[in-house]
Amino acid sequence: MAITFRGRDKNNVPVYQIDAYYNGQAARERFHGTKKAAEKRHREMIQSLEGGLNIKGSKQTFTEYAHAYLEERAASNDISQRSLKSEAYRVEKLVCVFGSYRLCDITAQVIDKGMKELKTSRKKGTKPLSGSTMNGYFKLMNTLMERAFLYDLIRKNPCKLAKKPKNDTEQRIPLTEEQAKKLHDAAMEDYRTAVNELIAKENRQIKRGKDKNRSAIRGLSKVSEYLSVVLILYTGFRHAEVLGLQWCDIDFRDCTVEVVRTVERDGTYKPPKSEAGNRKLYLTSEVIAMLKEWKGIQAAQLAKMGLVQKHGNKVINSDGTTIICSDTGSVYGYNNLNRFWRSYRERFGISQCLHDLRHTFLTIAHNNGTDYKTLQTIAGHADISLTMSVYVHNDQTKGREAAERVAAVYSEPKQNTPIIPWDAQKTG
């Protein structure tokens with residue numbers, strides 16, 4: 001028999017053994033409940049076998065599935081602890097909405113309803129979650145359900161039919177070429193001033209006999225801040241990549257720099273965002289000269305703190321000295337650089353964040369003739385569509401030039417076509 005009574009459990013609930021068969025496939029399950037419920041479960045098992053689904057998946061709840069997903073992610077070691085913590089937070093938010101559903105019961109309608117509930121789940125008096133935040137939750141939900149589909153836990157991914165939240169993130173606006181040049185000139189001048197002030201201050205310390213056994217050299221971070229802005233303007237680096245640069249990454253002979261590591265917000269190193277992020281870029285002679293000068297100055301100042309400027313090696317956790325450093329010679333803080341930039345940009349009346357300088361570099365490079373493939377390599381993107389659709393922005397002046405060229409075609413004088421008399425047409 002397909003459903004066999006096996007007695008009662010300790011709570012006096014009937015226990016049935018369910019055997020389901022379909023096209024040579026078989027599944028067996030021990031079921032606690034009424035005979036009617038067991039028959040319903042039997043039909044579900046047969047339907048699962050017909051669709052080639054995993055029987056366990058048909059009764060697995062979203063909570064169980066989502067937590068198993070997080071355990072696998074944590075065990076894979078291919079995600080940083082910060083990213084894992086952020087993803088776990090978002091998964092728990094989804095569990096609050098969809099946790100009680102079985103995977104097989106989550107439909108497009110359930111997802112639409114759940115996303116609306118999630119959007120307004122904040123405390124009263126606060127704004128609903130933004131479209132961009134909701135877009136992130138939907139993307140994660142799609143990843144989870146697509147994975148369940150590939151594992152034969154569900155028949156199809158319901159997110160494919162659900163309504164995707166509208167992304168309302170404001171488009172990044174790069175600096176104009178004029179603004180970028182103004183910022184470049186100012187940062188170069190400020191770097192030079194900061195270097196001179198550091199040297200002058202340290203010369204005074206030498207005269208006072210206070211140039212040894214120092215715990216910090218005030219001014220190292222100030223020079224590093226201006227230098228970081230210059231490097232991003234010249235290379236299009238992410239600022240986490242600039243902070244991770246060590247002296248071993250610079251080839252002064254070939255005028256190149258390699259990206260092999262970035263700096264997390266907690267000061268730890270991690271690899272670039274993707275394999276394409278490991279790349280070699282060229283530096284101008286002007287930047288190379290600056291770095292040579294700074295290398296010597298930094299080494300002299302570190303020695304006063306009993307530190308040796310280490311060259312390091314091209315591995316992620318190299319113990320080399322970072323080019324951008326704090327007053328104690330350590331890695332400069334990720335958040336500290338953001339704070340510096342927010343203050344520094346006020347001088348120029350701009351609102352762009354530090355990452356927008358990366359957009360600025362790539363846009364200016366594109367507008368001045370750099371081909372798409374080279375831009376992708378410089379940016380360190382695995383997909384060229386990301387480079388062109390997100391990082392390279394439209395130049396309004398180019399649009400104006402295009403309109404004027406078309407207008408010139410329309411206004412070009414044309415020779416009048418002679419009109420042939422009717423009689424001449426007939427005789428011809």
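For the single chain, residues carry numbers from 1 onward in sequence order. Owing to the predicted nature of the structure, the values given are computational and were not obtained by experimental measurement.
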Start with the C-alpha gap between Leu198 and Lys222, add the side-chain angles, then the distance that decides, and say whether side-chain contact (heavy atoms from CB on, under 4.5 Å) holds. CA-CA 9 Å; Leu198 173 63; Lys222 189 175 182 181; over 6 Å; no
For a quick check under 3.5 Å, do Glu286 and Thr284 share a side-chain donor-acceptor pair by atom type? no
If you draw a 6.0 Å radius around CZ in Arg8, do more than 12 non-hydrogen atoms from other residues or ligands fall strictly inside? yes
Do Thr63 and Thr61 have side-chain atoms, one donor and one acceptor, less than 3.5 Å apart? no
Value for CD1 (Ile173) from OG1 (Thr360), rounded to nearest 0.5 Å, stands at 10.5 Å
Residue that, paired with Tyr334, satisfies side chain to side chain contact (heavy atoms under 4.5 Å, CB included) out of Asn336, Asn338, Val331: Asn338
Evaluation steps, side-chain contact (heavy atoms from CB on, under 4.5 Å), between Leu227 and Leu291: CA-CA 9 Å; Leu227 181 59; Leu291 291 173; 4.3 Å; yes
When rounded to the nearest 0.5 angstrom, what distance separates CZ in Arg261 from CD in Glu241? 11.5 Å
How about Asn213: does its CG atom have over 12 heavy atoms from other parts shown lying under 6.0 Å from it? no
Rounded to the nearest 0.5 Å, what separation is found between the OH atom of Tyr137 and the CE atom of Met115? 9.5 Å
Rounded to the nearest 0.5 Å, what's the gap from OG on Ser274 to CZ on Arg279? Could you check? 8.5 Å
Taking Asp185 first and then Lys181, would you say they form a salt bridge - that is, a charged N and a carboxylate O separated by under 4.0 Å? yes
Do NZ/NE/NH1/NH2 and the carboxylate oxygens of Asp190 and Arg347 come within less than 4.0 Å? yes
Would Gln179 and Lys182 count as having a side-chain donor-acceptor pair, cut-off 3.5 Å? no
Heavy-atom nearest pair, Ile232 first then Phe361, reads O-CB, 4.3 Å
Do the side-chain N and O atoms of Ser132 and Ser130 include a donor-acceptor pair separated by under 3.5 angstrom? no
How far apart are the closest heavy atoms of Ala162 and Ala108, and which atoms are they? N-CB, 3.8 Å
Close side-chain approach of Val287 and Val257, heavy atoms under 4.5 Å: no
Should the ring pair Tyr101 and Phe98 be called parallel, tilted or perpendicular, given that the plane angle runs from 0 to 90° and is split at 30 and 60? tilted
Can you see which heavy atom on Ala187 is nearest to which on Val229, and at what distance? CB-CG1, 4.1 Å
One pair to check against ring-ring contact (aromatic ring centres under 6.0 Å, His included): Phe62 and Tyr69. What are the steps and the verdict? CA-CA 10 Å; Phe62 182 81; Tyr69 166 80; 9.7 Å; no
Using every non-hydrogen atom in the two residues, find where Gly312 and Ser318 come nearest and quote the distance to one decimal. CA-OG, 3.3 Å
Can Leu243 and Thr322 be said to form a side-chain contact (heavy atoms from CB on, under 4.5 Å), step by step? CA-CA 7 Å; Leu243 295 176; Thr322 53; over 6 Å; no
Name the one of Arg28, Arg41, Arg30 that satisfies salt bridge (charged side-chain N to carboxylate O under 4.0 Å, His left out) with Asp19? Arg28
Show the nearest heavy-atom pair for residues Phe5 and Pro14, with the distance to one decimal. CE1-CB, 4.0 Å
Which value, rounded to the nearest 0.5 Å, describes the distance between Met290 atom CE and Tyr234 atom OH? 8.0 Å
Nearest-0.5 Å distance, CG of residue Leu94 to CZ of residue Arg90: 8.5 Å
Once you measure the plane-to-plane angle for His366 and Tyr372, does it fall in the parallel (<30°), tilted (30-60°) or perpendicular (>60°) bin? parallel
Heavy-atom count check: over 12 atoms from other residues, nucleotides or ligands less than 6.0 Å from Phe348 CZ? yes
Evaluation steps, side chain to side chain donor-acceptor pair (under 3.5 Å), between Glu177 and Asn367: CA-CA 10 Å; Glu177 291 192 14; Asn367 292 339; 4.9 Å; no
Chi angles and distances behind the side chain to side chain donor-acceptor pair (under 3.5 Å) call for Glu178, Thr176: CA-CA 5 Å; Glu178 183 180 353; Thr176 63; 5.3 Å; no
For Ile323 and Gln298, the nearest pair of non-hydrogen atoms, with its separation, is O-NE2, 3.4 Å
For Arg339 and Asn335, run side-chain contact (heavy atoms from CB on, under 4.5 Å): C-alpha distance rounded to whole Å, both residues' side-chain angles, the deciding distance at 0.1 Å, then the answer. CA-CA 6 Å; Arg339 279 192 288 271; Asn335 292 327; 4.0 Å; yes
